[in-house]
Amino acid sequence: MTQLSERVLNMATSATLAMAAKARELREEGKDIIGLSLGEPDFNTPDFIKDAAKQAIDDNYSAYTPVDGYTELKDAIITKFKRDNNLTYTRPQIVVSTGAKQSLANIAAVLINKGDEVILPCPYWVSYSDIVKLNEGVPVEVQTSIDSDFKLTPAQLEAAITPKTKMIWYSSPCNPSGSVYSKSELRALADVLKKYPDVIVVSDEIYEHINFVGGHESMAQFDDMYDRTVTVNGVSKAFAMTGWRIGYIGAPEKIARACNKMQGQITSGANCIAQRAVITALNEPPSRVQYMVDQFKERRQLILGLLNDIEGFKTNEPEGAFYVFPDISFYFGKTLKGETINNATDFSLFLLEHALVATVTGEAFGNPNCIRLSYAASKEQIIEAMKRITEALR
Ligand code: PMP
Ligand code: GLU
């Protein structure tokens, strides 16, 4: 009998992708499922980007690319970092990968030794924990609460650091809470880290442009943090390019070179056509994709208003990304349609079965009291989903 490795046996399946697959399966059985589970823009990739990809095919871009990305793409990324974030990077500090997910996997592989601790403020993006574990690191979950807008406080950070702490990973805007760290909040965390110069920060900024309130702030903007921060970004979200699979980092040169070496043995680099298209995407100002951000902002207002009317849903006010992360622990211990709800997973499955609405359990994000709803769906779908949830819970 084939024996699979402990590595894969010990790994959890991505809950976001699993829920999306389950919704797809039910749809194929004829059920009218509304999918609010997957974090994926429901827009098409903009035409000016598609045109660049078509041109790249005609121009015979078909060979292996440099492992860390085309020079023109690295230059477009350098320009983007300067223009949007006032961060200065040079070519050897940039690595292009097969999605930000692979950027994160590279970072873990090149930095974590067995037993190293990685601080993950909860709720964190679903894959952080398993990527860390896959590399024999130890995720250290730090619970935040809805009352602090799901943000890590300096005192919590200080308390979580041990001699084994290697890194802290967080996203801002945050998937799944939509929380956005302000400059002063980041500075306060940086002040704690000053005392621990060996701790590296992984700042996942993939939702940077999907930000409704203030501006976006990067940890690497602080001179004392620049040399110990890896800035992760990508085009999946703001440019509606999830399937194109391009992400990238700006990092201290030593880390970037190690990521380049790592992916040279694993993927040989990201897809050539997608890379050419991303050169065009990043060389344009972010205002080219503002129409999608405006839509997400309207939908956020819509879903927050509707959720407010449903008993037992307590939300923070997300300032970015396209998720809401309500606390639904009100329902724990209650029996709905003959089913006892013991936890967020039960609740999410209840909604799938009785409201035909796909969500993701908060347990996958390190918070057992919440569920995540993605509002990267049409207004009609959002309205219908909230109506169905209200009826199922009645
Ligand atoms: N980070 C966060 C916070 C995400 O939500 C996602 C979701 N796709 C990723 C990284 C990975 O993005 P991708 O691999 O599509 O670039
Ligand atoms: N990041 C998206 C989400 O959180 C896409 C799914 C995934 O990459 O796991 O739903």
Side-chain angles (χ1 to χ4, degrees), residues 11-24 35-42 45 69 73 77 95-108 118 120-132 134 150 168-181 202-211 216 218 230-249 259 263 267 270-271 274-275 277-278 281-282 296 318 320-325 348 358-367 370-377:
M11 193 169 99
T13 299
S14 161
T16 46
L17 299 182
M19 196 51 150
K22 183 143 185 78
R24 210 175 292 134
L36 304 185
S37 57
L38 196 59
E40 167 156 78
D42 56 329
T45 303
L73 178 51
I77 292 168
V95 180
V96 178
S97 297
T98 303
K101 203 179 238 176
Q102 198 212 346
S103 302
L104 291 162
N106 283 342
I107 294 163
V118 178
L120 304 180
C122 299
Y124 51 79
W125 180 49
V126 62
S127 293
Y128 289 176
S129 166
D130 275 282
I131 291 175
V132 168
L134 192 59
F150 292 118
I168 166 171
W169 285 21
Y170 72 94
S171 61
S172 177
C174 174
N175 176 1
S177 69
S179 308
V180 175
Y181 283 88
V202 173
S203 173
D204 182 344
E205 306 185 9
I206 195 161
Y207 293 96
E208 150 185 33
H209 296 304
I210 307 174
N211 184 334
H216 175 75
S218 298
V230 182
T231 307
V232 178
N233 212 320
V235 292
S236 283
K237 311 297 171 175
F239 296 92
M241 295 180 75
T242 48
W244 296 68
R245 311 303 306 125
I246 299 289
Y248 54 87
I249 58 168
C259 289
Q263 80 180 20
T267 66
N271 173 283
Q275 285 194 50
V278 173
L282 293 183
F296 289 134
F322 35 60
Y323 309 102
V324 263
F325 197 60
S348 175
T359 59
V360 185
T361 173
E363 279 165 52
F365 307 93
N367 181 317
C370 298
I371 59 166
R372 189 190 78 175
L373 302 113
S374 159
Y375 55 85

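As the structure lists them, so they are numbered: ligands from 1, and atoms in each ligand from 1.
Residue contact check: Lys101 has heavy atoms under 4.0 Å from atoms 11 (C), 13 (P), 14 (O) of ligand 1. Below 4.0 Å from some heavy atom of Trp125 lie the following atoms of ligand 2, by number and element: 1 (N), 3 (C), 4 (O), 7 (C), 8 (O), 9 (O). Taking every heavy atom of Ser14 and a limit of under 4.0 angstrom, the matching atoms of ligand 2 come to 9 (O). Near Thr16, the atoms of ligand 2 lying under 4.0 angstrom from a non-hydrogen atom of the residue are 3 (C), 4 (O), 6 (C), 7 (C), 9 (O), 10 (O). Atoms of ligand 1 lying under 4.0 Å from at least one heavy atom of Asn175, given by number and element, are 3 (C), 4 (C), 5 (O). Within ligand 2, counting atoms from 1 as listed, the ones closer than 4.0 Å to a heavy atom of Gly39 are 2 (C), 3 (C), 5 (C), 10 (O).
Without hydrogens or angle criteria, Arg372 side chain to Ser37 main chain gives a donor-acceptor distance under 3.5 Å. Put simply, the side chain of Gln275 gets close to the backbone of Ala270: a donor and an acceptor are under 3.5 Å apart.
In plain terms, the two heavy atoms of Cys174 and Pro123 that are nearest each other are SG-O, 3.7 Å. In this structure, Ile131 and Ala108 approach most closely via the heavy-atom pair CG2-CB, 3.6 Å.
With a heavy-atom cut-off of 4.0 Å, Leu38 touches ligand 2 through backbone and side chain alike. By the criterion of a heavy-atom distance under 4.0 Å, the side chain of Leu17, and not its backbone, is placed next to ligand 2. Residue contacts with ligand 2, taken as heavy atom pairs separated by less than 4.0 Å, do not involve Phe365 at all. Only the side chain of Asn175 comes within contact range of ligand 2, with a heavy atom under 4.0 Å; no backbone atom does. Using a 4.0 Å cut-off between heavy atoms, Met19 makes no contact with ligand 2 at all.
Remark: ligand 1 and Ser236 share an N or O pair separated by less than 3.5 Å (distance only, no angle test). No N or O atom of Tyr128 sits closer than 3.5 Å to an N or O atom of ligand 1. Remark: ligand 1 and Asp204 share an N or O pair separated by less than 3.5 Å (distance only, no angle test). In terms of N/O distances under 3.5 Å, ligand 1 is approached by Tyr207. Polar contact with ligand 1: absent for Ser171 (N/O pair, distance under 3.5 Å).
Ranking the protein heavy atoms by distance from atom 1 (N) of ligand 2 puts Lys237 NZ, 3.2 Å first. Nearest to atom 6 (C) of ligand 1 among the protein's heavy atoms is Trp125 CZ2, 3.5 Å. Given atom 14 (O) of ligand 1, the protein heavy atom at minimum distance is Arg245 NH2, 2.8 Å. Scanning the protein heavy atoms around atom 16 (O) of ligand 1, the nearest turns out to be Ala100 N, 2.7 Å. Looking only at heavy atoms of the protein, atom 12 (O) of ligand 1 is closest to Ile206 CD1, 3.4 Å.
Here the side chains of Leu120 and Ser129 are in contact, with some heavy-atom distance below 4.5 Å. Side-chain contact between Ile249 and Cys259 is present, with at least one heavy-atom pair separated by less than 4.5 Å. Contact annotation: the side chain of Ser374 never approaches that of Glu40 to less than 4.5 Å [non-hydrogen atoms, C-beta and beyond].
For an aromatic pair to be called close, the ring centres must be under 6.0 Å apart, and Phe150 with Phe365 fails this.
Between Phe296 and Phe322, the ring planes are tilted. Angles from 30° to 60° get that label.
Atoms CG and CH2, from Asp204 and Trp125 in turn, are 7.5 Å apart once rounded to the nearest 0.5 Å. Within the model, atoms CG of Leu134 and CE of Met11 stand 6.0 Å from one another, a figure rounded to the nearest 0.5 Å. Rounded to the nearest 0.5 Å, atoms CD1 (Ile371) and OG1 (Thr361) are 8.5 Å apart.
Screening His209, Glu205, Glu208 for a side chain to side chain donor-acceptor pair (under 3.5 Å) involving His216 leaves a single residue, Glu205. Tested against Tyr207 for a ring-ring contact (aromatic ring centres under 6.0 Å, His included), the candidates Tyr170, Tyr181, Tyr323 yield a single pass: Tyr323.
Residues Ser97 and Tyr248 have side chains that never bring a donor and an acceptor to within less than 3.5 angstrom of each other.
Residue Gly234 places every heavy atom at 4.0 Å or more from ligand 1. Heavy atoms of Gly99 come nearer than 4.0 angstrom to ligand 1 in at least one pair. Residue Lys237 places a heavy atom less than 4.0 Å from ligand 1. A heavy-atom separation below 4.0 Å is not found between Ser127 and ligand 2. Lys101 counts as a contact of ligand 2, since one of its heavy atoms falls under 4.0 Å from the ligand.
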